[in-house]
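Encoded as structure tokens, the structure appears first; notes follow it.
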Amino acid sequence: MSGRMKGKIVSVYGSLVIAEMEDRVVQNSVGYCHRSDGTRLLSEVIRVRGQLADLQVFEETRGLKTGDEVEFRAEMLSVVLGPGLLGQVYDGLQNPLPELAQRVGYFLAPGTYVPGLSTAVTWDFTPSAKVGDSVVAGDTLGTVPEGIFTHRIMAPFAWRGRYTVERIASAGQYTIDAEIATVVDAQGERRVVTMQQTWPVKVPLNVSRRRLLPTEPLVTRVRIVDSMFPIVRGGTYCIPGPFGAGKTVLQQITSRHAEIDVVVFAACGERAGEVVETLRDFPKLIDPRTGRSLMERTIIVCNTSAMPVAAREASVYTAATLAEYYRQMGLDVLLLADSTSRWAQAMRELSGRLEEIPGEEAFPAYLESRIAAFYERAGVLELTDGQLGSLTIGGTVSPAGGNFEEPVTQGTLKVVGAFLGLSRARSDARRYPAIDPLDSWSKYRGIIEPAKVLQMRRLLAQGHEVRQMMTVVGEEGTSAEDFAIALKADFFDNCFLQQNAFDDVDGATPAERQRFVFDKALQVVELDLAGLDKTQLREVMVRAADWFRNWNYAASGSSEYDRYLHEIDRFIADRQQSTP
Amino acid sequence: MRKYYNSIRRIAGNVVTVDAQGVGYDELAVITTSRGESLAQVIGLDGHEVSLQVFAGSQGVSNNDRVRFLHRPMQVPFSENLLGRVFDGSARPRDGRVPATGTPLDIGSPVVNPIRRRMPDKMIATGIPMIDVFNSLVESQKLPIFSVAGEPYNELLARIGLQADADIIILGGMGLRHDDYLKFRDAFEQGGVLGRAILFVHTAADPVVECLMVPDLCLAVGEQFALQGKRVLVLLTDMTAFADALKEIAITMEQIPSNRGYPGDLYTQMAKRYEKAVDFDEAGSMTVLACVTMPGNDVTHPVPDNTGYITEGQFYLHNGRIEPFGSLSRLKQQVNGATRDDHRAIMDACIQLYALCRESREKRDMGFEASPWDRKLLKYGLLFEQRIMDLSINLPLTAALDRCWEILAECFEPAETGIRRAIVEKHWPYRRE
Ligand SMILES: Nc1ncnc2c1ncn2[C@@H]1O[C@H](COP(=O)(O)OP(=O)(O)O)[C@@H](O)[C@H]1O
Ligand SMILES: [Mg+2]
């Protein structure tokens with residue numbers, strides 16, 4: 001299949017270049033446009049018409065001329081997989097940004113490419129396969145320690161059929177390009193295995209016996225998510241919301257606190273500054289679950305808004321592939337994409353350049369199927385050795401005008417398992433996280449019994465109804481009973497659903513504590529407050545809210561924690577007694 | 001030897017198509033017409049046909065006018081000599097003085113590697129409580145003022161600009177009225193900063209393509225000063241004019257619009273400019289403040305909407321005040337943890353209560369009787385507007401925080417504010433009886 005394909009540029013329109021090829025041309029192959037100053041610009045064939053190949057160039061095309069040469073190989077856009085991916089900061093095409101900074105300084109000069117993994121580093125290899133073993137794609141041949149994990153060196157995923165191990169390296173130090181095994185197939189054809197392999201980013205990486213239904217809650221330590229709109233390992237969810245409503249902050253706190261093995265963060269078409277925050281903070285933050293820096297479980301793939309738009313389109317696939325790779329090792333992986341709308345817009349820009357027939361809001365007709373295919377990469381797999389691995393995908397959506405009736409939000413809602421819709425009204429009132437408790441939904445089961453969740457959802461809905469009614473009939477036209485419902489709903493909202501992301505304690509609530517606080521809150525909202533007038537009702541609920549808020553800020557096991565809990569218990573007991 | 005091409009094939013909108021060879025995409029050309037010389041930029045190559053966007057517009061261009069290619073992108077000369085000068089959207093002098101000299105800088109330079117960015121951590125004190133307390137401005141932030149015609153947005157921009165105490169101030173005017181340009185100049189002069197200011201001004205009377213160049217010129221020059229360690233402040237007004245110029249050009253080029261006539265790459269185009277705001281690792285910084293006028297006072301209009309998704313917050317200027325709702329500084333948390341221990345608590349509580357006051361006002365306006373709690377909120381709202389929100393107020397941060405506490409204490413019991421005990425106990429101004 002390989003072999004070079006050559007041609008010459010005949011047209012340039014922004015990131016779209018048309019080349020006339022000498023003979024053969026393969027759709028989706030990657031290669032370079034050769035600028036006359038010697039710079040090579042990475043490109044991909046995205047349409048073929050006769051001898052003409054339409055190329056999307058992953059760089060600014062400034063300076064390209066008609067007549068400049070192009071050269072392609074029959075290979076798809078791929079990433080390199082192997083030990084050393086964790087802790088990396090990549091651009092959308094897997095160039096390590098720290099290396100680029102060392103080579104070219106402050107700016108990302110077009111045409112500078114660095115391999116995604118270093119061949120200079122050695123890894124401490126321990127073989128697990130033996131000579132004579134029969135292996136298939138994805139089987140573990142050996143392991144190397146990578147930070148907190150045992151990284152499996154797996155037989156290339158692209159293999160078909162069985163191979164017999166002919167030779168396997170003994171334990172020792174190897175670089176990723178060193179030969180660690182030779183295998184032979186039934187026809188006697190020999191293959192060499194190293195610790196690295198490549199995989200095309202747009203093809204899902206899934207070597208497994210079968211896919212399982214995702215059911216195990218993924219605890220994010222964000223109360224409103226875990227308790228009310230849970231997500232599960234291997235599931236999918238989306239966070240649509242207008243600008244400034246808190247999508248990125250929610251993703252950032254999730255990447256910090258989520259109880260998961262590996263986090264891959266795709267910063268897609270948004271602010272560079274937000275990546276810098278993660279970049280600078282994570283190495284300093286200790287993951288309490290492992291005692292190691294958070295960066296050791298994190299991979300950042302960033303193609304921020306000012307970076308070339310074709311590479312932005314590719315970046316989410318790059319991130320998905322890296323995430324899938326760690327899933328193949330039996331780990332639980334979380335892929336966070338911020339924002340999938342920028343990815344969709346990148347598709348729209350390219351589609352416009354290709355003059356394809358536009359769909360709604362000028363998005364291409366295939367938008368929905370691309371979104372669906374992306375989220376389909378999530379899932380729980382039973383791997384070839386029987387172990388389980390999972391990939392959870394959470395994407396933010398940035399709808400134009402904050403209106404969810406637009407193609408990207410709608411296309412996403414059709415395929416995800418949970419919808420955390422952010423509301424402008426809530427973020428304006430600084431009620432964070434601004435997830436709308438009435439509109440959001442989750443198809444998954446979380447850490448709280450569904451009956452209790454339902455009870456609270458009912459309360460919130462009733463409280464909302466009462467509030468609506470009050471705008472028509474006023475407080476004086478509302479019965480004390482209804483008024484109490486509204487106050488109780490507010491109480492649960494203020495003291496449980498809202499959470500201060502910038503507080504060390506309140507910012508992350510473990511599952512155990514969430515259950516406990518939820519039950520206490522349930523006791524409060526179940527209190528019979530009959531007989532109190534509205535002023536008394538407000539007084540009582542203000543007091544309860546004050547205790548709870550302070551309790552939320554108190555570290556588990558601290559004396560304040562006990563003190564506030566004691567006050568709350570006394571409060572509840574008092575109220576229970578004072579009702580006849 | 002200079003090579004000229006004069007086989008112009010098509011003239012449409014601002015775009016001229018000429019037969020030429022060896023021309024690079026995005027390069028610059030000079031087109032000589034009966035009206036004089038104009039710069040033009042290569043926006044498409046198709047075989048021998050080169051499409052040029054003519055900065056001065058295509059009026060008066062004839063099919064045998066001469067085109068010469070410069071084989072370089074648009075540039076701006078860079079040196080200290082730019083300080084105190086005024087230029088137009090083609091970087092020609094607008095102040096009647098000699099053309100600028102200096103090292104030529106390509107505009108639209110590559111993207112900064114995120115690795116070389118610092119975390120912004122220096123607060124810019126403006127003396128405006130609605131900014132300092134509730135939405136702190138931070139060095140290197142990119143932040144627009146959302147407003148409508150008639151609001152004093154340019155005055156606010158100039159006021160913040162002067163308070164910011166930057167080493168270099170660069171003003172980019174797009175579709176600027178001549179009077180407004182003069183007002184900025186006067187403000188800079190009175191503030192004593194004209195000597196370290198550079199103005200790139202496109203007025204409504206100038207060719208539309210030049211409007212597009214203004215942000216790039218400002219940001220290229222600003223970036224260079226920042227790399228030399230300077231703290232640069234760029235003021236861009238009005239970015240809606242920039243977006244409208246993009247729209248006009250896209251439509252004449254028959255691109256498929258995505259939303260209300262704006263091109264599908266509006267977000268990317270604006271992001272490329274705003275993202276130039278930077279705090280360099282081991283060098284200076286560039287802060288970008290902009291004005292965005294919202295057509296029809298509609299924040300969901302594509303220009304403010306896309307802007308909000310790009311910038312690090314926005315200040316809503318409405319009825320002469322910075323509105324607490326919708327205004328946002330996304331970088332505030334980088335700085336407000338280190339100011340005073342009550343800063344964040346005050347920031348949250350005051351806005352939450354003001355939001356509740358708004359509900360009470362709605363009830364009142366519907367003619368409902370106010371409960372005792374409503375009355376507290378109504379009183380609070382009024383005091384907050386008079387003593388904090390009014391734009392004429394100029395207070396240092398700590399004084400503004402103290403004033404917030406006083407207002408809270410005048411209106412509420414501590415537990416009603418939702419502020420946690422430890423902070424209340426330390427800062428609540430208990431009245432001595
Ligand atoms: N959970 C939260 N707690 C406190 N403040 C928040 C929270 N979420 C968002 N914010 C505030 O809102 C700002 C914008 O949030 P961000 O996540 O960047 O919005 P989006 O990504 O939706 O545009 C943040 O900079 C922060 O000041
Ligand atoms: Mg965001």
Side-chain angles (χ1 to χ4, degrees), chain A residues 10-13 60-66 89 97-98 100-101 105-110 243-244 271-273 275-277 279-280 302 304-307 309 342 345 348-349 352 358 361-362 398 400-403 428-430 471 474-476 494 502 534-535 538 542-543 545-546 549-550 553, chain B residues 22-27 44-48 73 109-120 227 255-259 264-265 267-268 271-272 275 280 300 302 305 308-310 312-313 325-326 328 330 333 337 344 348 351-352 355 362-363 366 368-369 371-373 415-416 418 420-421:
Chain A
V10 293
S11 306
V12 184
Y13 292 104
E60 299 297 334
T61 50
R62 180 179 272 186
L64 280 183
K65 297 175 178 159
T66 55
V89 184
L97 291 174
L100 286 182
Y106 281 116
F107 297 94
L108 295 172
F243 63 78
R271 303 172 189 85
V275 182
V276 180
E277 236 179 285
L279 215 75
R280 301 272 184 232
C302 87
T304 57
S305 56
M307 296 188 189
V309 66
R342 306 301 162 218
Q345 285 180 346
R348 175 167 76 186
E349 282 185 39
E361 289 182 25
S398 318
N403 178 2
D428 271 353
R430 312 256 159 133
T471 62
E475 205 170 298
E476 62 268 39
N494 286 326
F502 300 108
K534 287 175 199 160
T535 308
R538 174 166 281 123
V542 161
R543 200 138 39 93
D546 189 43
R549 250 193 310 262
N550 283 289
Y553 283 119
Chain B
V23 176
Y25 183 75
D26 214 22
E27 281 180 6
L45 299 172
D46 190 8
H48 296 314
S109 61
V111 185
V112 174
N113 188 332
I115 299 285
R116 300 302 306 269
R117 287 175 181 260
R118 290 181 68 245
M119 283 263 271
L227 283 169
Q255 282 180 17
I256 303 157
S258 69
N259 196 347
D265 66 352
Y267 174 87
T268 305
K272 280 205 170 122
E275 280 281 309
F280 280 116
T300 68
D305 187 49
Y309 276 118
I310 294 165
E312 288 157 335
F325 306 121
L328 171 70
R330 292 167 188 266
Q333 55 264 20
R344 286 180 176 173
D348 289 335
I351 302 297
Q352 277 166 354
E362 275 163 19
K363 273 200 252 170
M366 302 271 296
F368 295 126
E369 195 187 316
S371 68
W373 173 239
E416 289 170 334
R420 71 173 110 160
R421 295 285 162 84

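Each chain gets a letter, A, B and so on, in the order its sequence line appears, and its residues count up from 1. In this text, all values refer to a predicted model and were calculated from it rather than measured experimentally.
Each of B/Asn113, B/Thr300, B/Leu328, B/Thr268 has some count of heavy-atom pairs under 4.5 Å with chain A, and the biggest count is that of B/Asn113. Of the listed residues B/Gly313, B/Pro73, B/Pro372, the one with more heavy-atom pairs under 4.5 angstrom with chain A than any other is B/Pro73. Ranked by heavy-atom pairs under 4.5 Å with chain B, the first of A/Ala429, A/Ser398, A/Gly352 is A/Ser398. By number of non-hydrogen pairs under 4.5 angstrom with chain B, the leading residue of A/Ala362, A/Gly474, A/Gly105 is A/Gly474. Top candidate by heavy-atom pairs under 4.5 Å with chain A, chosen from B/Glu416, B/Glu362, B/Lys363, B/Gln333, is B/Gln333. With respect to chain A, the highest number of heavy-atom pairs below 4.5 Å among B/Gly44, B/Ala355, B/Gly47 belongs to B/Gly47. Across A/Glu60, A/Glu361, A/Gln345, A/Arg280, the residue that shares the most heavy-atom pairs under 4.5 angstrom with chain B is A/Arg280. Contact count against chain B (heavy-atom pairs under 4.5 Å) is highest for A/Asp546 among A/Asp546, A/Val275, A/Thr535, A/Val89. Comparing B/Pro110, B/Ser258, B/Ala271 by heavy-atom pairs within less than 4.5 Å of chain A, the highest count is held by B/Ser258. Heavy-atom pairs under 4.5 Å with chain A peak, among B/Phe325, B/Phe280, B/Tyr25, at B/Tyr25.
In terms of modelled atom types and a separation under 3.5 Å, the side chain of A/Arg62 and the main chain of B/Glu27 share no donor-acceptor contact. Remark: the backbone N or O of B/Arg421 is paired with a side-chain donor or acceptor of A/Asn550 at under 3.5 angstrom.
Only the side chain of B/Asn259 comes within contact range of chain A, judged by heavy atoms closer than 4.5 Å. Only the side chain of B/Arg330 comes within contact range of chain A, judged by heavy atoms closer than 4.5 Å. Within the 4.5 angstrom heavy-atom criterion, atoms from both the backbone and the side chain of B/Glu369 approach chain A. Within the 4.5 angstrom heavy-atom criterion, only backbone atoms of B/Pro257 (N, CA, C, O) approach chain A. Using a 4.5 Å cut-off between heavy atoms, B/Met119 contacts chain A through both its backbone and its side chain. Only the side chain of A/Arg538 comes within contact range of chain B, with at least one heavy atom under 4.5 Å from a heavy atom of that chain. Proximity to chain A (any heavy atom under 4.5 Å) is restricted, for B/Arg344, to the side chain, taken from C-beta onward. Contact annotation for A/Thr61: both backbone and side-chain heavy atoms come within less than 4.5 Å of a heavy atom of chain B. Only the backbone of B/Val23 comes within less than 4.5 Å of a heavy atom of chain A; no side-chain atom from C-beta onward does.
Looking at every heavy atom in both residues, B/Phe368 comes nearest to A/Thr471 through CE1-O, 3.1 Å. Minimum heavy-atom separation, A/Leu97 to A/Cys302: CD1-SG, 3.5 Å.
If you look at B/Tyr267 and B/Tyr309, their ring centroids are not closer than 6.0 Å.
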side-chain contact (heavy atoms from CB on, under 4.5 Å) between B/Glu275 and B/Val112: does it pass, once the steps are laid out?
CA-CA 9 Å; B/Glu275 280 281 309; B/Val112 174; over 6 Å; no
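With rounding to the nearest 0.5 angstrom, the CG atom of B/Leu45 is 10.0 Å from the CG atom of B/Asp26.
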